[in-house]
Every structure is written in structure tokens, then in C-alpha cells.
J.: 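Have a look at the structure that comes next, please.
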Amino acid sequence: NISAGTIFDLNLGGSASPVNIANLFQSNLEATSSSCPSALCITNWPSSCGTGPCTLAGNIFNFSAPEGQYHLAVKESANSLGAIDATLSYWGVSDEANLTDAIYDGRDGIELTTVIYLPYLLTDDPEGEKSPNETSLGFLRSGSILNGILLEGEHVTLDEAGSPYKSDGSLIIDGYLEILPNVTVQMDDGSSILVRKGQFRAV
């Protein structure tokens with residue numbers, strides 16, 4: 001299937017568990033709505049997706065999104081929907097950091113569900129080279145940037161030598177985050193820290 005040159009809102013109401021694979025979303029227009037600024041906006045997925053095989057795996061998202069807009073945006077609550085499987089898809093980029101910048105999901109708003117993108121295709125050939133299964137992006141990145149989820153079992157200490165630290169979106173703590181004295185953490189407007197399974201200690 002090919003969707004090209006349109007503003008695309010993927011609204012999957014109903015009781016079935018949708019499986020959407022081998023589609024080409026190419027050169028679609030970016031939606032102008034501030035509530036979902038993306039070329040492909042996922043809304044109204046069936047409640048069965050919480051336990052069923054709802055997937056966007058194996059698709060080609062061949063967009064050129066303007067700054068501030070996304071290839072794919074999820075407008076579904078994590079409380080009502082499990083993670084969305086978009087693995088083995090092509091996003092028009094080979095760098096993982098650029099790929100995550102193209103997706104609006106639970107990494108950007110802690111109330112939203114998360115898109116699983118690893119592994120992803122490095123070319124638009126479904127049989128071509130794939131990325132590693134493990135992320136290359138950590139919670140603490142170069143330049144004292146904090147991003148995403150501190151995984152369970154991980155321990156990160158923020159010290160004065162790396163201060164000031166800057167958040168790149170909302171942070172979720174499933175591991176152990178410790179902030180030492182004289183450390184500044186700069187949060188973007190609208191960003192937050194959620195201690196979900198882990199621990200947070202500032203001394």
C-alpha cells in the first residue's frame with residue numbers, strides 16, 4: 001500500500017487488533033494541527049492493542065519533516081495502550097538520535113505510549129542492512145544531555161564536573177539517579193521527571 005502526498009491520520013477504531021505492515025508512507029504533508037504535528041498521527045487504536053498484536057512493523061516512513069514536526073506521532077495514553085511495534089521499518093535516516101527526533105511518543109510525554117523502533121532498516125530495502133537490536137543512546141549523553149529512560153539496574157550520578165546538565169524532553173527514572181551538591185539541571189519548558197520504578201536522590 002502507498003500513501004503519498006496526503007495529511008495522514010491513522011485512526012484505527014474498532015475491536016480488532018490491527019497489523020499494518022509493508023506500507024509505504026512517502027512524501028506526505030505534515031499535519032498543521034498543533035495537537036499532532038506530524039505526517040502520520042496515530043489516534044484511537046482499539047483497546048485490544050493493550051494485549052494484542054498491534055503493529056506498524058516493516059513500513060517505510062519516507063518523509064522530510066520540517067523542524068518541529070515529526071514523521072510519526074502517537075496520541076494514545078500509555079495507561080490504555082501497550083507499546084507500538086514499529087520495528088524493521090525505514091525512517092529515512094541511519095543515525096538513531098535523528099530517528100528518535102522523528103518520533104513523538106512516550107519519550108517526549110510520559111503519559112503517552114512508546115514506539116519500539118529497534119532494530120530498524122538502514123535503507124528502504126526490506127532485505128537490506130539493519131541496525132543493532134540494542135540502543136546506542138544512553139540516559140546521560142555527550143554534552144551533559146539527559147534524555148529518555150534511565151533503565152532498571154542502571155545507576156547514574158550527576159557531579160559538579162559535568163554541570164550544568166540539560167534535559168532533552170521528559171525523563172523517566174526506572175534505575176537510580178543521584179545528583180551531587182552544586183549541580184544544576186536545566187529542564188525545558190513542559191519537561192518533567194517521573195520516578196516510576198527507580199530511585200532519585202539529591203544531596
J.: How long is the span from the OG1 atom in Thr184 to the CD atom in Glu160, to the nearest 0.5 Å?
T.: 9.0 Å
J.: Of all the heavy-atom pairs spanning Ser170 and Ser191, show the shortest one and how long it is.
T.: OG-CA, 3.8 Å
J.: Quick one, Lys166 and Asp188 - any side-chain contact, counting heavy atoms below 4.5 Å?
T.: no
J.: Will you find, in the side chains of Tyr120 and Glu96, an N or O donor that is under 3.5 Å from an N or O acceptor?
T.: no
J.: Does any N or O in the side chain of Tyr165 come within less than 3.5 Å of the main-chain N or O of Asp159, such that one atom is a donor and the other an acceptor?
T.: yes
J.: Say you draw a straight line from CG of Asn98 to CD1 of Ile103; how long is it, rounded to the nearest 0.5 Å?
T.: 11.5 Å
J.: Is it the case that the side chain of Ser89 and the backbone of Ala57 share a donor-acceptor pair, with hydrogens and angles ignored and the cut-off at 3.5 Å?
T.: no
J.: Step through the shown structure and confirm whether more than 12 heavy atoms of other residues, nucleotides or ligands are within 6.0 Å of NZ on Lys130.
T.: yes
J.: If you apply the rule side chain to side chain contact (heavy atoms under 4.5 Å, CB included), what do you find for Asp174 with Ile149, and how did you get there?
T.: CA-CA 7 Å; Asp174 286 344; Ile149 303 174; 3.8 Å; yes
J.: Heavy atoms, side chains only, cut-off 4.5 Å: are Thr123 and Leu121 in contact?
T.: no
J.: What I'd like to find out is whether the side chain of Tyr117 reaches to under 4.5 Å of the side chain of Leu99, using heavy atoms alone.
T.: yes
J.: Grab the two heavy atoms, one from Asp124 and one from Ile60, that are nearest each other, plus how far apart they are.
T.: O-CD1, 3.6 Å
J.: Could you measure the distance from the OG1 atom of Thr100 to the CH2 atom of Trp91? Nearest 0.5 Å is fine.
T.: 11.0 Å
J.: We want to know whether Thr87 and Asp85 form a side-chain donor-acceptor pair, criterion being a heavy-atom distance below 3.5 angstrom.
T.: yes
J.: Quick one, Phe139 and Ile173 - any side-chain contact, counting heavy atoms below 4.5 Å?
T.: yes
J.: Under 4.5 Å between side-chain heavy atoms, counting indirect links through other Ile/Leu/Val/Met/Phe/Trp/Tyr residues: same cluster for Leu146 and Val195 or not?
T.: yes
J.: How close do Val115 and Ala86 get, heavy atom to heavy atom, and via which atoms?
T.: CG1-CB, 3.7 Å
J.: Membership question, hydrophobic clusters at under 4.5 Å side-chain separation (ILVMFWY): are Met187 and Val156 in the same one?
T.: yes
J.: Side chain to side chain contact (heavy atoms under 4.5 Å, CB included) between Leu150 and Tyr176: does it pass, once the steps are laid out?
T.: CA-CA 8 Å; Leu150 179 59; Tyr176 186 93; 5.6 Å; no
J.: Side chain to side chain contact (heavy atoms under 4.5 Å, CB included), that's the test. Do Leu180 and Val203 meet it? Break it down for me.
T.: CA-CA 5 Å; Leu180 299 182; Val203 297; 3.9 Å; yes
J.: As an exercise, state the distance from OG of Ser131 to CG of Leu88, rounded to the nearest 0.5 Å.
T.: 8.5 Å
J.: Honestly curious: do Leu140 and Phe200 fall in one hydrophobic cluster under the side-chain, below-4.5 Å linking rule?
T.: yes
J.: Between Gly162 and Ser144, what is the shortest heavy-atom contact and its length?
T.: O-OG, 2.7 Å
